[in-house]
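See structure below.
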Amino acid sequence: MAGRPPSKYQYYPSLAAAIIFTVLFGLSGVLHCIQLLRTKTWYFVPFFIGVIFEVVGFGARSVNATQSPNWSQAPFIIQTLLPLIAPALFAASIYMILGRIIRFVDAEHLSFIRTTWLTKIFVFGDVASFLVQCLGGGILAAADSKSALDRGQSIILVGLAIQIIFFGCFIIAISLFHYRIIQQPTVTSLQTPLPWKQYVLVLYFSSLLILVRSIFRVAEFAAGHDSALQTSEAYLYCFDAVLMVLCCVVFNLRHPSRVVSSRYRKDFTNVELHSAQTPTEQEAIIHRV
């Protein structure tokens, strides 16, 4: 029947899998908290909140997994909504890294979008995607009829489409900047001992992970509640949870504070000042910072 209330899950969720990913996200989150406080990389707070969302979301999924088939509503809403919107918070911090790298290597002239607008444009798109997905996710999680379910999924699809469009443009922005600075390297990009090139590659990798995950989510919701993508739990873990764990871990291993925090920037500036030969050179360095 068209108005039949939908089942919360189309399968019995795995308790073991939910616990494993709760622990994985939790370990990454603890390390991110330590890195955040130690390096004062405050623009990475959204990313950390996203990790917390993943922990709480999969924790709630673990609770539901012990209740099959009589799943309670509150954990179901939490596990539906938080892992859905967490990547938008990851994206917010990732967007901020590129502009900081460009300014760090004195390559504003090589960005096809002015750095004063670069972060604002992409974060605006991310916020729009976040809000739309929150709206759709809330409707979806509380749906008590097929029409409400379809409406929630349609709104989520719009939010994911916004995310994919902006991420696609972001990857283009990274690629153009990367190509241009290889062709026209700045003095700072050649002289700095800090590994900014590694972080451009990290941006490629993390952006690709979130993009693939978002494309999967679009396919999942577009296919419908009774599709193979929604009736098999394996797809959720392979194309969402695993990819987002990798995204969290790669930023544990290559935390952006190494190239774009005030602490490391100050250390590098002090080295430059000591190596400057004239007062004019020192003044130029201070002005650039």
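None of these values were measured; they are calculated from a predicted model. Start at 1 with the first residue, then count along the sequence.
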_Short side-chain to backbone donor-acceptor contact, Thr41 and Leu36, under 3.5 Å_ = no

*Cluster question for you: counting only ILVMFWY and a side-chain heavy-atom cut-off of under 4.5 Å, with indirect links fine, are Leu110 and Val187 together?*
no

_Approximate separation, where rounding is to 0.5 Å, of Thr80 OG1 and Ile156 CD1_ = 8.5 Å

*Should the heavy atoms of other residues, nucleotides or ligands under 6.0 Å from CH2 of Trp42 be counted, would the total exceed 12?*
yes

*Honestly, is Arg254 close enough over Tyr199, meaning NZ or CZ under 6.0 Å from the six-membered ring centre and within 45° of the axis?*
no

*asked:* If I take atom CE from residue Met244 and atom OG from residue Ser206, how far apart are they, to the nearest 0.5 angstrom?
replied: 9.0 Å

_Any donor-acceptor pair under 3.5 Å from Ser111 side chain to Glu108 backbone_ = no

*To the nearest 0.5 Å, tell me how far Phe177 CZ sits from Leu203 CG.*
9.5 Å

*Do Trp71 and Tyr9 have ring centres separated by under 6.0 Å?*
yes

*State, to 0.1 Å, how close Gly26 and Val55 come at their nearest heavy-atom pair, and which atoms those are.*
N-CG2, 3.4 Å

*Ignoring hydrogens and angles, tell me if any N or O in the side chain of Thr22 forms a donor-acceptor pair with the backbone of Phe58 under 3.5 Å.*
yes

*To the nearest 0.5 angstrom, please state how far the CG atom of Asp150 sits from the CG atom of Leu157.*
10.5 Å

*Got more than 12 heavy atoms from elsewhere within 6.0 Å of OH, Tyr179?*
no

*Parallel, tilted or perpendicular: which describes the rings of Phe21 and Tyr237, with under 30° parallel and over 60° perpendicular?*
tilted

*Answer yes or no: are there more than 12 heavy-atom neighbours, outside Tyr11 itself, under 6.0 Å from its atom OH?*
yes

_Between Arg103 and Arg100, does the side chain to side chain contact (heavy atoms under 4.5 Å, CB included) criterion hold? Intermediate values first, please._
CA-CA 5 Å; Arg103 288 193 295 271; Arg100 283 166 167 79; 3.6 Å; yes

*Residue pair Leu201 / Lys197, side-chain heavy-atom distance below 4.5 Å*: no

*asked:* In this structure, is the centre-to-centre distance between the rings of His32 and Phe251 below 6.0 Å?
replied: no

*Mind listing the closest non-hydrogen atom pair of Ser62 and Ile19 along with its distance?*
OG-N, 3.5 Å

*Any donor and acceptor pair, going by atom type alone, linking the side chain of Gln79 with main-chain N or O of Gly59 inside 3.5 Å?*
no

*Kindly indicate whether the side chain of Lys120, heavy atoms from C-beta on, has any atom under 4.5 Å from the side chain of Arg114.*
no

_Looking at every non-hydrogen atom in both residues, tell me the closest pair between Ile85 and Cys134 and how far apart they are._
CD1-SG, 3.7 Å

*Would you check if the side chain of Thr231 reaches a backbone N or O of Ser227 as a donor-acceptor pair within less than 3.5 Å?*
yes

*Honestly curious: do Phe170 and Leu208 fall in one hydrophobic cluster under the side-chain, below-4.5 Å linking rule?*
yes

*Between Thr66 and Val63, is there a donor-acceptor pair closer than 3.5 Å when you use the side chain of the first and the backbone of the second?*
yes

*Do the non-hydrogen side-chain atoms of Ser257 and Arg38 ever get within less than 4.5 Å of each other?*
no

*asked:* Testing the 3.5 Å rule here: is there a donor-acceptor pair between the side chains of Gln67 and Asn64?
replied: yes

*Where do Leu236 and Arg217 come nearest, in terms of heavy atoms and distance?*
CD1-NH2, 3.6 Å

*Taking side chain as C-beta onward, heavy atoms only, is Phe90 less than 4.5 Å from Phe48?*
no

_Nearest 0.5 Å, please: how far is CD in Glu54 from CG in Leu84?_
10.0 Å

_Does Glu233 form a salt bridge (Lys or Arg N to Asp or Glu O under 4.0 Å) with Arg61? I'd like the steps, not just the answer._
CA-CA 12 Å; Glu233 188 177 24; Arg61 190 178 184 88; 3.1 Å; yes

*Describe, in one word, how the ring planes of Phe122 and Phe166 are oriented to each other, choosing from parallel (under 30°), tilted (30 to 60°) and perpendicular (over 60°).*
perpendicular

*asked:* I'd like to know if the side chain of Thr115 reaches the main chain of Leu118, judged simply by a donor and an acceptor atom lying under 3.5 Å from each other, with no hydrogens or angles considered.
replied: no

*Determine, using the 4.5 Å side-chain heavy-atom cutoff (strictly less than), whether Phe221 and Ile77 are members of one ILVMFWY cluster.*
no

*State, with a plain yes or no, whether a side-chain heavy atom of Phe44 is found less than 4.5 Å away from one of His255.*
yes

*Mind listing the closest non-hydrogen atom pair of Cys238 and Leu243 along with its distance?*
O-CG, 3.9 Å

*Got a donor-acceptor contact below 3.5 angstrom from the Ser214 side chain to the Ile210 backbone?*
yes

*Minimum heavy-atom distance Trp196-Ser189, with the two atoms named*: NE1-O, 3.1 Å

*So Leu194 and Arg258, side chain to side chain contact (heavy atoms under 4.5 Å, CB included) or not? Walk me through it.*
CA-CA 7 Å; Leu194 300 182; Arg258 291 184 64 192; 6.0 Å; no

*Indicate, with yes or no, if Leu135 and Leu160 share a hydrophobic cluster defined by side-chain heavy-atom contacts under 4.5 Å among Ile, Leu, Val, Met, Phe, Trp and Tyr.*
yes

_Once rounded to the nearest 0.5 Å, what's the spacing between atom OG1 of Thr186 and atom CD of Gln191?_
9.0 Å

*Linking Ile, Leu, Val, Met, Phe, Trp and Tyr through side-chain heavy atoms less than 4.5 Å apart, which residues share a cluster with Val30?*
Ile34

_same_hphob_cluster(Tyr204, Ile181) at 4.5 Å side-chain heavy-atom cutoff_ = yes

*Side-chain donor/acceptor of Ser28 to backbone N/O of Leu24, under 3.5 Å*: no

*asked:* Between Arg213 and Glu220, does any side-chain N to carboxylate O distance fall below 4.0 Å?
replied: no

*Could you walk me through whether Ser207 and Leu211 pass the side chain to side chain contact (heavy atoms under 4.5 Å, CB included) check?*
CA-CA 6 Å; Ser207 297; Leu211 187 61; over 6 Å; no

*Is there a side-chain contact between Phe47 and Leu89, using heavy atoms and a 4.5 Å cut-off?*
no

*side chain to side chain contact (heavy atoms under 4.5 Å, CB included) evaluation trace for Phe25 with Cys248*: CA-CA 8 Å; Phe25 280 116; Cys248 294; 3.9 Å; yes

*Do Gln133 and Gln163 have side chains that get closer than 4.5 Å, going by heavy atoms?*
yes

*Considering residues, nucleotides and ligands other than Phe216, do more than 12 of their heavy atoms fall under 6.0 Å from its CZ?*
yes

